[in-house]
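Numbered from 1 within each chain, the chains take letters A, B, ... in sequence-line order. Computation of the quantities below employed the complete heavy-atom set of this structure, encompassing side-chain atoms and omitting hydrogens, waters and symmetry-equivalent molecules.
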Amino acid sequence: MHQPKREIEPAANAAQPVPSFYERVYAFVRLVPRGSVITYGNVALYLGSPMAARAVGYALNALQPGNDVPWWRVINAQGAIVYKNRGTSADLQRALLEREAVVFDSEGHADLGRFRWWPPEV
DNA sequence: AAGGTGACTGGCG
DNA sequence: TCGCCAGCCACCT
């Protein structure tokens with residue numbers, strides 16, 4: 001009516017700022033249980049933007065060391081760890097997953113049918 | 001404010 | 001099967 005747009009703009013000192021796409025990615029990834037994996041595409045799907053898989057990877061790339069997000073549980077749709085432009089973090093990712101009993105075959109693929117996690121139904 | 005970038009994907013040759 | 005391409009998105013200059 002008199003207010004065409006009701007922006008949810010957090011005050012500078014707001015206790016709960018509006019979560020950005022990044023924050024929503026992190027919040028979702030925190031739900032993935034130990035020993036399971038999820039794909040970039042699935043994260044995007046559950047965030048309401050099925051085509052934003054790329055942006056999910058972008059978000060994980062922005063994580064700072066010391067975060068509490070289990071980023072290593074996110075792999076690609078082929079069940080493989082993405083090595084492109086990542087230095088040694090990709091090797092670390094594989095090590096962390098194997099430590100959680102996730103198995104990779106000789107071609108570096110994990111069996112999604114076996115390790116993929118799906119969020120509980122609403 | 002428009003264009004560039006990238007831890008993605010699915011389709012096609 | 002494998003590699004290449006264009007499409008798609010959120011962020012950053």
S.K.: Quiz question: going by heavy-atom distance under 3.5 Å, is there a donor-acceptor pair between the base of B:dA7 and the side chain of A:Y40?
M.R.: yes
S.K.: If I take atom CG in residue A:N85 and atom C1' in nucleotide B:dA7, what distance separates them, rounded to the nearest angstrom?
M.R.: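 So the two atoms are 8 Å apart, to the nearest Å.
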S.K.: Spell out, as yes or no, whether a donor-acceptor pair under 3.5 Å connects the side chain of A:T88 to the backbone of A:D91.
M.R.: no
S.K.: For the side chain of A:F21, counting heavy atoms from C-beta on, which of C:dC11, B:dA7, B:dC8 is nearest?
M.R.: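 So the side chain of A:F21 is nearest to C:dC11.
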S.K.: Need one value for A:Y83: base, sugar-phosphate or nothing, where a base atom within 4.0 Å counts as base even if backbone is also close, heavy atoms only.
M.R.: nothing
S.K.: May I have the distance from A:M51 (atom CE) to C:dG7 (atom P), rounded to whole angstrom?
M.R.: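 To the nearest whole Å, that distance equals 12 Å.
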S.K.: To the nearest angstrom, how far is A:L97 atom CG from B:dA7 atom C1'?
M.R.: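 That distance rounds to 13 Å.
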S.K.: The side chain of A:N76 is closest to which nucleotide in this list: B:dT5, B:dA7, B:dT9?
M.R.: B:dT9
S.K.: What is the separation between atom NZ on A:K84 and atom P on B:dG6, rounded to the nearest whole Å?
M.R.: 8 Å
S.K.: Categorize A:A55 for me: base, sugar-phosphate, or nothing, with a 4.0 angstrom heavy-atom threshold over every strand shown.
M.R.: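 Base contact.
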S.K.: Starting from P on B:dG10, measure out to CD on A:Q78 and report it in whole angstrom.
M.R.: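 Distance check: A:Q78 CD to B:dG10 P gives 7 Å.
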S.K.: Please state how far atom CG in A:L63 lies from atom P in C:dC11, giving the value in whole angstrom units.
M.R.: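 Interatomic distance, CG of A:L63 to P of C:dC11: 13 Å.
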S.K.: In whole Å, I'd like the distance from the CG atom of A:N61 to the P atom of B:dA7.
M.R.: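 For the pair A:N61 CG and B:dA7 P, the rounded distance is 6 Å.
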S.K.: Scan A:S89 against the nucleic acid and name what it touches under 4.0 Å (heavy atoms): base, sugar-phosphate only, or nothing.
M.R.: nothing
S.K.: To the nearest 0.5 Å, how far apart are CD1 in A:I75 and CZ in A:R116?
M.R.: 8.5 Å
S.K.: Is there a side-chain contact between A:S20 and the phosphate of C:dA10, meaning an N or O under 4.0 Å from OP1 or OP2?
M.R.: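 For C:dA10, neither OP1 nor OP2 has a side-chain N or O of A:S20 closer than 4.0 Å.
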